[in-house]
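Working notes for the structure below.
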Protein chains: 2
Amino acid sequence: MKLGNQVEWAIHCMELLARVPDGVYIPTKVLAKFHGIPKEYLSKALQALALAKLIDGTLGPKGGYRIARKPSKISLLEIVEAVEGSKKTFHCQEIRLNNPCLPKKRKQADSICAVASAMYQADEAWRKVLREKKLSDIIRGVDRQVPPELMAASTHWIQSALD
Amino acid sequence: MKLGNQVEWAIHCMELLARVPDGVYIPTKVLAKFHGIPKEYLSKALQALALAKLIDGTLGPKGGYRIARKPSKISLLEIVEAVEGSKKTFHCQEIRLNNPCLPKKRKQADSICAVASAMYQADEAWRKVLREKKLSDIIRGVDRQVPPELMAASTHWIQSALD
DNA sequence: GGTATTTTACTCGGATAGTCTATGTCCGAGTGAGTCTGG
DNA sequence: CCAGACTCACTCGGACATAGACTATCCGAGTAAAATACC
């Protein structure tokens, strides 16, 4: 039970995309260099985000990605699900139906397995936190942590990279 | 982000082991046949549970595993962690430290990344549910779902298999 | 000078290898029950 | 009949293959900007 690195990358990139002025596109190349991660592979995560309509991309010079919605309208769950898929963390195999005492005909579940139910509750608790946590909250948190001069330098660095 | 099948197997086996009278050992072979899962691989999950002191095993004829504690004293989290490991679901890579604007000397994190913090909160919510859900709750849930005659037949099946 | 056209360099997007964990299988060391033997 | 020693089948435990998923990389189709030619 482990999340891939793409999740971290995706959230950081979304946070950065949310900071640039409207209408500005940032290419994968710049996002990758800024975060020090492999460009080609990051591309896959961004593709997933684009497919989920969280960002949209444009081709050609001055192209790249921009955020598709306001940060307050994007939850972390959407980002995580876009990258990792929306399947539940626990997949019930219904091994209780393998019980040799069970008559052959009743090989179908009529209720949710108690084990699966418990695991689904845990899964839902996890999702609930991510659903209520918005991208805007992340931005606020980062603002509180990063010193203003570093933030300004970063903004400037991005600007230069776009030319 | 997906849990392995071993988790499901482990919980079902624990539930079964909790139903057997004190002092009775059930071998992997029987557990595997009853649940219709590969014996050899299930063995790995049971080994993990034994290592975590949730069950203990005995060798020789009439050997096998028995539960080590009362079901009300065993949480699902313990079972899951025994099988899947206790590492967090999200591992922060600190890619924020790759920021090219960051002075070389300050390449160390002095606070928890806002992204990681959010993910950890979700992780903890998931754990909390599993921590509060005891094995005894699962047993109660199964009792409510399984018809008495099937339960009796299963008990009898296990008994026969032990001879 | 302004506009339409062409070029062009840059972007995303999907198809392609490598690596690591999860899955499934195998056999050997150890042990406790059952059996046999002797008193 | 009972006690002790022995045999032996059965157990767990760890070492050994296989499969799927995650990670990383490449190149081509498409496009929007920029340069160019023309009016």
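Chain letters run A, B, ... following the sequence lines, proteins first, then strands; residues in each count from 1. Computed from a prediction, not measured in an experiment: that's the story for all the values here. Computed from heavy atoms alone, side chains included, the values below leave out hydrogens, waters and symmetry copies.
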Is the count of non-hydrogen atoms from other residues, nucleotides or ligands lying under 6.0 Å from Asp163(B) atom CG greater than 12?
->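 Atom CG in Asp163(B) is crowded, with more than 12 foreign heavy atoms closer than 6.0 Å.
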Between Gln47(A) and dG14(C), does any side-chain N or O lie under 4.0 Å from OP1 or OP2?
->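 Yes, Gln47(A) has a side-chain N/O under 4.0 Å of OP1/OP2 on dG14(C).
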Does a side-chain N or O from Thr28(A) land closer than 4.0 Å to OP1 or OP2 of dT11(C), or not?
->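 No, no such contact exists.
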Is the shortest distance from a Lys or Arg side-chain nitrogen in [X] or [Y] to a carboxylate oxygen in the other one below 4.0 Å?
X: Arg140(B); Y: Asp137(B); answer: yes
X: Arg19(B); Y: Asp143(B); answer: yes
X: Arg131(A); Y: Glu124(A); answer: yes
X: Glu84(A); Y: Lys2(A); answer: no

Report the distance from atom NZ of Lys29(A) to atom P of dA9(C), rounded to the nearest whole Å.
->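 Checked: the NZ to P distance equals 13 Å.
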Taking atom P of dG14(C) as reference, at what distance in whole Å does atom CG of Leu51(A) sit?
->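 It works out to 8 Å between those atoms.
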Give one of base, sugar-phosphate or nothing for Tyr25(A), where a contact means two heavy atoms less than 4.0 Å apart.
-> nothing
Scan Gly57(A) against the nucleic acid and name what it touches under 4.0 Å (heavy atoms): base, sugar-phosphate only, or nothing.
-> nothing
If you draw the axis of the six-membered ring of Tyr25(A), does the NZ or CZ of Lys62(A) fall within 45° of it and under 6.0 Å from the ring centre?
-> no
In the 5'-to-3' direction, what one-character label does each nucleotide of nucleotides 20-36 of chain D receive under the scheme B = base within less than 4.0 Å of a protein heavy atom, S = sugar-phosphate only, - = no such atom?
-> --SBBBB---BBBS---
